[in-house]
Amino acid sequence: MTATLENPQTEMGAIPSFQVTMRVERFDPESGSGSYWQEFTLTMHGTDRVLDALHQIKWDLDGSLAFRRSCAHGVCGSDAMRINGRNRLACKTLLKDLDLDKPVVVEPIKGLPVKKDLIVDMEPFFASYREVMPFLVTTGNQPSRERLQSVEQRAVFDDTTKCILCAACTTSCPVFWSDGQYFGPAAIVNAHRFIFDSRDEGAQQRLQILNDKEGVWRCRTTFNCTEACPRGIEITKAIAEVKRAIVTRSF
Amino acid sequence: MTKLDATDLPAPRARRTTALRGGANTELIAWLFMRISGVILLVLVFGHLFVNLMVGDGVHAIDFAFVGGKWSEPFWQVWDLLMLWLAMIHGTNGVRTIINDYAERTGTRLVLKSLLYLAFVVTVVMGTLVIFTFDPCPPGSPADLLPSFCAA
């Protein structure tokens with residue numbers, strides 16, 4: 001036997017552990033009593049993320065806690081939530097990077113109806129997404145070989161191809177909070193992805209859709225979306241580019 | 001859960017509804033106006049402040065004669081008129097968007113916007129009237145308070 005097993009805490013390379021209090025907003029639609037806060041105190045490690053803490057609560061303390069997650073590696077976009085007042089992915093937020101002297105506050109993302117605990121109804125979000133036609137629109141016959149594109153042509157919309165539809169941006173937008181009809185940053189980002197794609201021919205149609213009372217003109221350039229995006233997309237810049245495209249198209 | 005029945009779904013190949021969309025609409029023009037008027041106002045307002053507060057005796061020179069003298073020149077009439085109109089439309093549009101963003105009930109929105117537009121009309125009409133009908137030499141006033149050209 002090595003020393004590792006006898007005294008794991010002081011072993012070189014051991015991961016430090018610490019106490020963390022998770023303050024989670026709970027909501028049970030069947031109880032009819034509205035939402036309430038619940039605190040859990042856990043022993044977590046330096047390598048743990050907020051998602052691991054939620055897992056520990058669900059698996060060991062309270063199985064009724066409901067939240068979404070799929071890949072748990074920052075790509076699927078399922079576990080966007082409000083952590084200490086900021087929209088983030090639970091699977092990309094390390095506990096050790098947060099202020100652990102205070103409880104870690106976890107709420108569902110704002111502006112969408114809460115279904116249970118941290119799960120919100122994403123349908124209004126995806127309805128706006130579908131509205132901007134997030135697919136390739138072309139005319140004429142199908143080409144017999146692939147549609148080629150230069151590096152420069154691709155670079156124009158490269159940033160907005162990174163979107164994972166987690167809704168962190170749209171639900172951080174104060175305009176979306178007060179006006180659920182607003183398309184929201186995510187839909188505009190995904191429209192941008194096709195509007196500026198040299199292979200696509202539906203740009204005019206998409207610009208027309210976004211030149212709406214509830215379209216890009218609702219944007220107040222508060223940069224909340226850019227700050228919230230877990231993929232680091234420059235969302236406000238993308239929205240500005242769509243605005244400029246609509247203006248140059250109209251005059 | 002909302003249930004879709006057949007009548008909610010648009011027919012295949014139906015034309016998209018384009019109501020309120022398309023060319024240069026109100027929201028587009030309002031957005032563009034804010035940018036353009038903002039830049040012009042920057043020049044107008046700081047030009048105004050510079051001429052009134054810093055040139056010559058600066059702020060100590062401002063009296064009835066100074067204002068009367070300025071408004072007897074067409075250049076300053078146009079300058080102040082432009083400043084008044086652009087600032088009022090710019091500000092009113094800003095408050096309009098704030099009301100649209102934050103007043104959720106239709107009734108509240110209607111009342112607030114009515115008050116806003118009323119204030120806009122009163123201020124613009126009165127300001128415009130003053131700029132054009134201003135009399136720099138009211139009869140029967142002591143000459144030392146009036147602009148120099150009133151001497152006759």
Side-chain angles (χ1 to χ4, degrees), chain A residues 29 111-116 119-127 130-133 137 173-184 188 191 202 204-222 224 236 239-251, chain B residues 1-42 86 89-113 116-117:
Chain A
L112 292 167
V114 179
K115 298 194 106 171
K116 185 171 191 279
I119 296 180
V120 296
D121 182 5
M122 297 281 279
E123 188 42 38
F125 173 80
F126 283 118
R130 283 192 296 268
E131 185 104 334
V132 300
M133 308 194 297
V137 176
C173 175
V175 179
F176 183 77
W177 293 338
S178 62
D179 172 20
Q181 296 290 304
Y182 173 44
F183 273 88
I188 301 172
Q204 290 304 321
Q205 224 175 325
R206 291 195 192 88
L207 291 175
Q208 192 178 345
I209 292 165
L210 290 173
N211 184 17
D212 185 275
K213 192 161 158 283
E214 304 293 348
V216 286
W217 309 120
R218 274 265 187 230
C219 169
R220 305 277 175 260
T221 347
T222 58
N224 277 21
T236 314
I239 297 175
E241 285 169 358
V242 174
K243 281 175 184 165
R244 197 181 305 150
I246 294 176
V247 170
T248 43
R249 180 191 87 118
S250 304
F251 293 101
Chain B
M1 274 294 182
T2 46
K3 256 181 141 178
L4 285 174
D5 57 55
T7 51
D8 292 333
L9 293 170
R13 292 170 204 284
R15 289 183 67 88
R16 296 189 57 84
T17 44
T18 50
L20 271 171
R21 289 174 177 168
N25 61 34
T26 324
E27 293 299 321
L28 184 157
I29 289 170
W31 184 85
L32 207 61
F33 175 82
M34 292 306 264
R35 269 78 201 158
I36 296 169
S37 63
V39 173
I40 301 174
L41 276 169
L42 221 56
L86 288 180
I89 303 174
H90 188 98
T92 304
N93 189 47
V95 178
R96 180 188 73 96
T97 56
I98 293 173
I99 294 172
N100 278 345
D101 279 354
Y102 289 103
E104 284 176 26
R105 292 200 351 249
T106 321
T108 324
R109 242 189 348 248
L110 207 73
V111 170
L112 287 175
K113 280 204 262 186
L116 175 70
Y117 296 148

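In what follows, chains carry the letters A, B, and so on, assigned in the order in which the sequence lines appear, proteins first and then strands, with residues in each chain numbered from 1. All values derive from a computational prediction rather than experimental measurement.
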Please report the interatomic distance [atom1]([X]) to [atom2]([Y]), rounded to the nearest 0.5 Å.
X: B:R35; Y: A:K243; atom1: CZ; atom2: NZ; result: 6.0 Å
X: B:I29; Y: A:W217; atom1: CD1; atom2: CH2; result: 10.0 Å
X: A:D212; Y: B:L28; atom1: CG; atom2: CG; result: 12.0 Å

(request) Answer yes or no: does atom CZ of A:R220 have more than 12 heavy-atom neighbours from other residues, nucleotides or ligands under 6.0 Å? (result) yes
(message) Looking at A:K213, is its backbone amide N or carbonyl O close enough to the side chain of B:N25 to form a donor-acceptor pair, meaning the two atoms are under 3.5 Å apart?
(response) no
(message) If we ignore hydrogens and angles and just use 3.5 Å, is the side chain of A:S178 paired with the main-chain N or O of B:Y102 as donor and acceptor?
(response) no
(message) For a 4.5 angstrom cut-off between non-hydrogen side-chain atoms, does A:R218 reach B:D101?
(response) yes
(message) A side-chain contact here means heavy atoms from C-beta on lying under 4.5 Å apart; do B:W31 and A:V247 qualify?
(response) yes
Would you be so kind as to tabulate the donor-acceptor pairs closer than 3.5 Å made by side chains of residues 103-113 of chain B, with sequence neighbours excluded?
| residue | atom | partner | partner atom | Å |
| --- | --- | --- | --- | --- |
| B:R109 | NH1 | B:A103 | O | 3.3 |
| B:K113 | NZ | B:N100 | OD1 | 2.9 |

